[in-house]
There are 2 protein chains.
Amino acid sequence: MSGLREAKKQETRRAIMQAAMRLFSEKGFEKTSIEELARAAGIGKGTVYGYFPTKSDILHAFCEDELECLRQELTANADQEVPILTQMVRIYMAEFMKITENREFARIFMQQTAFPRDVDLQRHLAHEDNYFALLFPILEKAQERGELRRELELLHITGHFYGLYLLLVSAWFSGRIATEEAEEALTDLFRQALEGLQPQKTLNSITDNGNE
Amino acid sequence: MSGLREAKKQETRRAIMQAAMRLFSEKGFEKTSIEELARAAGIGKGTVYGYFPTKSDILHAFCEDELECLRQELTANADQEVPILTQMVRIYMAEFMKITENREFARIFMQQTAFPRDVDLQRHLAHEDNYFALLFPILEKAQERGELRRELELLHITGHFYGLYLLLVSAWFSGRIATEEAEEALTDLFRQALEGLQPQKTLNSITDNGNE
DNA sequence: CGGAAAAAATGACCACGGTCGATTTTTATG
DNA sequence: CATAAAAATCGACCGTGGTCATTTTTTCCG
């Protein structure tokens, strides 16, 4: 029966991940060897490579799982009537707080996510598309409400917000933005993006400028 | 005389870089071993580590040098009377074209630049500050001309553009944006940033909307 | 110049990530 | 159940990045 084999594989995969996360957290990513990790998971070293192509892929898979879960949760429970600025800040701040829980994890994950190896492209694109599918309805609603310009493509808007999120994380790594300042910084950034960097040519005080 | 020793060190450093770049280009970064590289530079393996802490630091130092040079050139020759959109696109596109000349180099460089290891923080910040010092006058002039809102901090504006640049590079890696489309994409992105994602509350046709 | 001290160069060495052919386990089939 | 094919497991093995004790070179100073 192929179901049994499949179940066992899943179990092994879980065991590897679990052992990996425990050890990576305890001793750090670099200091944990594959051999050690395999022993902790109760398998041989070579077996690990039947499940993950590289060491950092184990970490990446874990982070992706966690974020996937978080995103589902957030976009499902989103109150779509709230201003788009608030919604975007909430979504990306959740992602930020999650990812920055462990600096080393975050670095490896972000490096691979933002600038993926060619081998990972397929998987990467699939995940991204998946994410877009969650974000698009929210942005579309905002367009309908008149909060976002209708002539802009959803992909471009998503990209704009995502770019600013990348900046936030990058600035956090370089120590320019502390964890406590992150929300304010992201809000400023997103507000800037919405209002525009150039002066409004008109009365812009009628908008929800000061609703923070 | 300590001048002689110093000169020799510089010469060795140059030799390492030169050999590294030749080999990395020919055979790829991963496929080039430090031993091999050292031989090509006419020195012993261990000596390399007296000049660069890790293998990828050799590559990173090279890229940083090249970009530093490019930036100096560009910001010096900038025509500060041209619209800020054009100027920013020109600067970041030059950076983009340079960095994407070699995909492997680009990946390693961007990964380390956007999400640097703690060990590299000091050097990283110094370089960034240096870059800001080149960008700020340009943005300041644009503020004075009324092209950028005066109440925004220069650092935030820089960050905004830089974030969108990060997005461009990331999208290039994932194959969402081809090299030939990059300039148009970046222009769109920057224009979006200037005009704002939300609808202008007024007549926005008087601006230089269609000057491309 | 002599020789001690500091700096730099070196390659044997180590630990680890990843590979691979041999071996075991599971599945499919008559 | 027998047996062959397929899948999964394994650890010895390889090449490499990075370290370090030792050696060589340079500097300094009487």
Side-chain angles (χ1 to χ4, degrees), chain A residues 1-21 23-24 26-62 104-105 107-108 111-112 117-120, chain B residues 1-21 23-24 26-62 104-105 107-108 111-112 117-120:
Chain A
M1 200 179 305
S2 84
L4 190 147
R5 176 181 266 172
E6 200 57 33
K8 198 170 171 185
K9 281 202 69 168
Q10 287 307 317
E11 177 50 35
T12 303
R13 189 188 154 91
R14 219 190 44 75
I16 294 174
M17 271 215 199
Q18 189 172 314
M21 287 315 116
L23 291 172
F24 289 169
E26 277 175 25
K27 336 180 26 183
F29 179 78
E30 310 280 0
K31 299 280 188 179
T32 303
S33 77
I34 294 282
E35 177 104 45
E36 186 180 10
L37 191 160
R39 293 301 176 93
I43 59 177
K45 177 179 177 179
T47 306
V48 174
Y49 288 92
Y51 292 85
F52 299 94
T54 74
K55 185 181 175 184
S56 61
D57 276 308
I58 306 175
L59 180 55
H60 199 262
F62 172 78
E104 197 177 20
F105 290 8
R107 186 179 297 112
I108 295 163
Q111 286 182 343
Q112 253 188 70
R117 290 165 303 168
D118 295 348
V119 194
D120 299 327
Chain B
M1 201 176 300
S2 84
L4 191 147
R5 175 182 265 171
E6 199 57 33
K8 198 169 174 184
K9 283 202 69 167
Q10 286 308 317
E11 176 52 32
T12 303
R13 189 188 155 90
R14 219 188 44 76
I16 294 175
M17 271 214 196
Q18 188 172 314
M21 286 316 115
L23 291 172
F24 289 169
E26 278 174 22
K27 333 180 27 179
F29 179 79
E30 310 280 359
K31 299 280 187 177
T32 303
S33 77
I34 293 282
E35 177 104 45
E36 186 181 10
L37 191 160
R39 290 304 175 92
I43 57 176
K45 177 181 176 177
T47 306
V48 173
Y49 289 92
Y51 292 84
F52 298 94
T54 73
K55 186 180 173 183
S56 62
D57 276 309
I58 306 175
L59 181 55
H60 199 262
F62 172 77
E104 197 175 21
F105 290 8
R107 184 180 299 110
I108 296 164
Q111 286 182 345
Q112 253 188 68
R117 292 165 302 170
D118 295 348
V119 193
D120 298 326

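- Applying the ring-ring contact (aromatic ring centres under 6.0 Å, His included) rule to pairs touching residues 32-56 of chain A yields nothing, sequence neighbours excluded.
- Distance CD1 (A:I16) to C1' (D:dA8): 12 Å, rounded to an integer number of Å.
- Under the side chain to side chain contact (heavy atoms under 4.5 Å, CB included) criterion, B:F62 pairs with B:M17, B:M21, B:E66, sequence neighbours left out.
- Atom CD1 of A:I43 and atom C1' of C:dT25 are 15 Å apart (whole Å).
- Note: OH (A:Y51) to C1' (D:dA7) measures 10 Å, nearest angstrom.
- Partners of A:E11 according to the side-chain hydrogen bond (donor to acceptor under 3.5 Å, both in side chains) rule, which considers only residues two or more places apart in sequence or in another chain, are A:R14.
- Atom CZ of B:R39 is separated from atom C1' of C:dG11 by 9 Å (rounded to the nearest Å).
- In this structure, CZ of B:F52 is placed 15 Å from P of D:dG17, rounded to the nearest angstrom.
- Among pairs with a residue in residues 39-50 of chain A, those fulfilling salt bridge (Lys or Arg N to Asp or Glu O under 4.0 Å) read A:E35-A:R39, at least two apart in sequence or across chains.
- By the 6.0 Å contact criterion, CD on B:E36 is enclosed, its count of non-hydrogen atoms from other residues, nucleotides or ligands being greater than 12.
- Within the structure, every side-chain polar atom (N or O) of A:T47 is placed at least 4.0 Å from both OP1 and OP2 of D:dA8.
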| How does protein reach along nucleotides 16-21 of chain C, written 5' to 3' as B (base within reach of a heavy atom under 4.0 Å), S (only sugar-phosphate), or - (no contact)? | SBBB--

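- Take A:Q112 and apply the side chain to side chain contact (heavy atoms under 4.5 Å, CB included) test, not counting sequence neighbours, and it matches A:S56, A:D57, A:H60, A:I108, A:R117, A:D120.
- Spacing between atom CD1 of B:I58 and atom P of D:dG18 amounts to 9 Å, rounded to whole angstrom units.
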